[in-house]
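Note that the coordinates shown come from a computational prediction; the quantities given were computed from them, not determined experimentally.
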Amino acid sequence: MGASTKRKKEKQKDFQKPKLKVGKTKAKTSNFTDTSFKSKAIVVNQQSLSADAPHPAEQFKHNLSLASTSRSDTQRRESLSYLTSRVSAKPSYNPVGTSTILTKLLPLVSDGSSHVRSQLLELFRGLPPSEVRPHVEKALMYIRAGMTHLSVDIRSDTLNVMDWLLDVAGDETVSCPGGWMKTLNSFSAMLGWNPSISSATGSKGWTSASKATLGAVKGGQAQARQIQGLVKFLRIGFKPEDPTPYKPQAYWDNIYRLPRRPNPFSYLNLFGPARDEEGEMYPDRESRQIIFHSRWSDAIAKGMEEAKKEGGAVGRAAASLDQVLKNGLGDSNRQSEL
């Protein structure tokens, strides 16, 4: 081997030797992970695999929990969609019962997402009406809160929930505790037809709150929708009752026969606490006519006349309201001229 060949190999070895670093090394980032190690296996603690799918009841409860507690609008909507498909199936599948579903999901009536509110209404429509009727009072609390919400869209969607409740349990809605007076108060506040302002200030019986908060674009449509909701509510409340079959002996039984029910004279309220007029039950048509005439007749009549002057959808809705009031109060001796 020649001398020149040896010198070339020595130069190559010198070139391949690692160079010494001069100065400080570069600082590692805070999220640096050392990946230089090698492992033959990866162990994941507390992990189990199963070939069986979750039980349908557990899956239903899981989606019910997500629908009521998840912070994601998409997650809530998808969970409600799953519950709707199970409840509306033939046969229906509801392992927790209608009472639990209403208790968990009624707060979503005022949810900030329109898609969630729409899917919630679809779920409610799939519930059996016979199982909804015992829970009307609970449902009305959330519906009244949605009817007086600051958001126009939430108020409009809540009226759809009210329509559903009137369709499946109309008689229970107007006759349950607080169902008549408190709901009429909510309609009055929503429309701006406030009877307390009318009597206290001597104003026209209504305010401009409804128009001021609804906006110029959606104001007319929203007001017409609200009046239509009031029309449906009053139509059910003033619906004529089925006449009781005539019994000749009933008159004498009422006078001489001892009552068989506990506390038969409770309606006199001789020794009980002061009555909550708004929270009372008004189970018959006559009692609802009396309280409506004394509290809302003047304010609603004046607001209705103002709405008629606007014409369009609002005017047509006000005309329907006028007809319902005439039919509902026409046979009452306490009616005044509207």
Side-chain angles (χ1 to χ4, degrees), residues 98-99 102-110 124 129 131-150 154-155 158-159 161-200 205-206 209 226 229-239 241 261-300 303 324-325 328-329 332 334:
T98 300
S99 176
L102 291 176
T103 302
K104 291 281 189 180
L105 301 182
L106 276 172
L108 297 181
V109 170
S110 301
F124 284 167
E131 297 180 10
V132 174
R133 295 187 185 107
H135 308 285
V136 166
E137 185 178 359
K138 182 195 305 180
L140 278 176
M141 290 191 301
Y142 293 96
I143 291 175
R144 287 194 293 262
M147 290 170 61
T148 54
H149 200 276
L150 293 177
I154 291 179
R155 288 199 298 266
T158 303
L159 288 175
V161 181
M162 171 64 82
D163 287 345
W164 159 77
L165 191 63
L166 291 174
D167 290 336
V168 300
D171 294 335
E172 290 79 5
T173 300
V174 298
S175 60
C176 73
W180 184 246
M181 283 196 65
K182 289 184 178 180
T183 307
L184 282 175
N185 282 336
S186 298
F187 274 111
S188 299
M190 183 171 55
L191 287 164
W193 300 349
N194 197 326
S196 60
I197 294 178
S198 173
S199 59
W206 70 314
Q226 292 163 5
L230 177 60
V231 167
K232 186 172 184 177
F233 180 77
L234 292 177
R235 184 179 289 117
I236 295 177
F238 293 147
K239 181 177 62 176
E241 300 168 346
R261 61 180 181 177
N263 197 10
F265 303 105
S266 59
Y267 65 93
L268 298 176
N269 197 34
L270 297 177
F271 306 104
R275 287 179 171 175
D276 178 15
E277 189 180 35
E278 293 187 354
E280 281 191 8
M281 298 175 62
Y282 296 90
D284 55 86
R285 183 191 186 206
E286 183 180 359
S287 61
R288 292 192 286 267
Q289 287 175 329
I290 293 173
I291 194 64
F292 179 85
H293 178 73
S294 62
R295 290 289 299 271
W296 292 284
S297 181
D298 294 338
I300 288 183
V324 168
L325 292 179
L329 301 176
S332 175
R334 300 171 180 83

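- Taken to the nearest 0.5 Å, the CZ atom of Arg285 stands 13.5 Å off from the CD1 atom of Ile236.
- Between the OG1 atom of Thr173 and the CG atom of Leu166 there is a distance of 5.0 Å, given to the nearest 0.5 Å.
- Atoms CD and OG1, on Gln226 and Thr158 in that order, are 10.5 Å from each other to the nearest 0.5 Å.
- Shown here are the ring-ring contact (aromatic ring centres under 6.0 Å, His included) partners of Phe124, two or more places apart in sequence or in another chain: Trp164.
- In this structure a side-chain-to-backbone donor-acceptor pair under 3.5 Å is present from Gln289 to Gly328.
- By the 4.5 Å heavy-atom criterion applied to side chains, Leu106 and Ile143 are not counted as neighbours.
- The NE2 atom of His135 lies 4.0 Å from the OG atom of Ser99; values are rounded to the nearest 0.5 Å.
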For Arg133 and Asp171, what are the C-alpha separation, side-chain angles and deciding distance, and is it a salt bridge (Lys or Arg N to Asp or Glu O under 4.0 Å)? CA-CA 9 Å; Arg133 295 187 185 107; Asp171 294 335; over 6 Å; no

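- Between Asn185 and Arg295, some side-chain heavy-atom pair lies under the 4.5 Å cut-off.
- Evaluation of the side chain to side chain donor-acceptor pair (under 3.5 Å) rule for Thr98 yields Glu131 as partners, not counting sequence neighbours.
- Between Phe187 and Phe233, the two ring planes are tilted [angle within 30° to 60°].
- Listed here is the closest heavy atom pair of Gly237 and Trp180: CA-CZ3, 3.7 Å.
- Once rounded to the nearest 0.5 Å, the distance linking CG of Leu140 with OG1 of Thr183 reads 4.5 Å.
- A heavy-atom distance below 4.5 Å is found between the side chains of Glu137 and Pro177.
- Residues that satisfy the salt bridge (Lys or Arg N to Asp or Glu O under 4.0 Å) test with Lys104, not counting sequence neighbours, are absent from this structure.
- Legend: residues meeting ring-ring contact (aromatic ring centres under 6.0 Å, His included) with Tyr142, ordered by chain and number and at least two apart, are absent.
- When all heavy atoms of Ile291 and Met181 are compared, the pair lying nearest together is CG1-SD, 3.7 Å.
- Here the OG-CZ distance, from Ser110 to Arg155, works out to 11.5 Å after rounding to the nearest 0.5 Å.
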For Leu184 and Leu230: C-alpha separation, side-chain torsions, deciding distance, then whether side chain to side chain contact (heavy atoms under 4.5 Å, CB included) applies. CA-CA 8 Å; Leu184 282 175; Leu230 177 60; 3.9 Å; yes

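- Side-chain atoms of Val174 and Leu234, non-hydrogen and from C-beta on, never get closer than 4.5 Å to each other.
- Residues that satisfy the side chain to side chain donor-acceptor pair (under 3.5 Å) test with Lys182, not counting sequence neighbours, are absent from this structure.
- The side-chain contact (heavy atoms from CB on, under 4.5 Å) check on Ser186 picks up Arg144, Met147, Thr148, with sequence neighbours excluded.
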List the steps and the verdict of side chain to side chain contact (heavy atoms under 4.5 Å, CB included) for Tyr282 and Ser175. CA-CA 5 Å; Tyr282 296 90; Ser175 60; over 6 Å; no

